[in-house]
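Have a look at the structure below before the remarks.
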Amino acid sequence: EDIDARWPRQVTPALTSRDIAALTILPGAARSTFSGIARVVEHAVFGGREINADEFAACRDAYRSFALEGAA
């Protein structure tokens, strides 16, 4: 939703996280931020491992910077 708010109609339901991270319409900082968060989530969802406190904090801070502060 946050990506769609800034870059409408670029993310479709069929796209994977890697597809989204490769969208050239997104600025490099946004792609990097999204990729970092997606990597942690993929390891948890598909790799079956828990997200530790440091990973959670890093993802939360990256999301805050991108979505809430617009720094990315």
* **Ile20 versus Leu26, closest heavy-atom pair with distance** => O-CD1, 3.5 Å

* Taking Glu55 for its side chain and Asn52 for its backbone only, find out whether a donor-acceptor pair lies under 3.5 Å. => yes

* Applying side-chain contact (heavy atoms from CB on, under 4.5 Å) between Ile25 and each of Arg9, Gln10, Arg6, report the one that passes. => Gln10

* Cluster overlap Tyr63 with Val41, hydrophobic side-chain contacts below 4.5 Å -> yes

* Asked: What about Ile37 and Phe46, same hydrophobic cluster or not, with Ile/Leu/Val/Met/Phe/Trp/Tyr joined at side-chain heavy-atom distances under 4.5 Å?
  -> yes

* Indicate yes or no for a side-chain donor-acceptor contact from Ser65 to the backbone of Asp61 under 3.5 Å, with no hydrogens or angles considered. => no

* With no hydrogens and no angle check, is any side-chain donor or acceptor of Ser32 less than 3.5 Å from a backbone partner on Gly28? -> no

* Structure fact -> So the side-chain hydrogen bond (donor to acceptor under 3.5 Å, both in side chains) pairs with at least one residue in residues 18-29 (sequence neighbours excluded) are Thr16-Asp19

* **Option from Ile3, Leu23, Asp2 for which side-chain contact (heavy atoms from CB on, under 4.5 Å) with Phe34 holds** => Ile3

* Assess whether atom CZ of Arg31 is packed by more than 12 heavy atoms of other residues, nucleotides or ligands within 6.0 Å. => yes

* To do: For Thr33 and Ala62, work out which heavy atoms get closest and say how close.
  => CG2-O, 3.5 Å

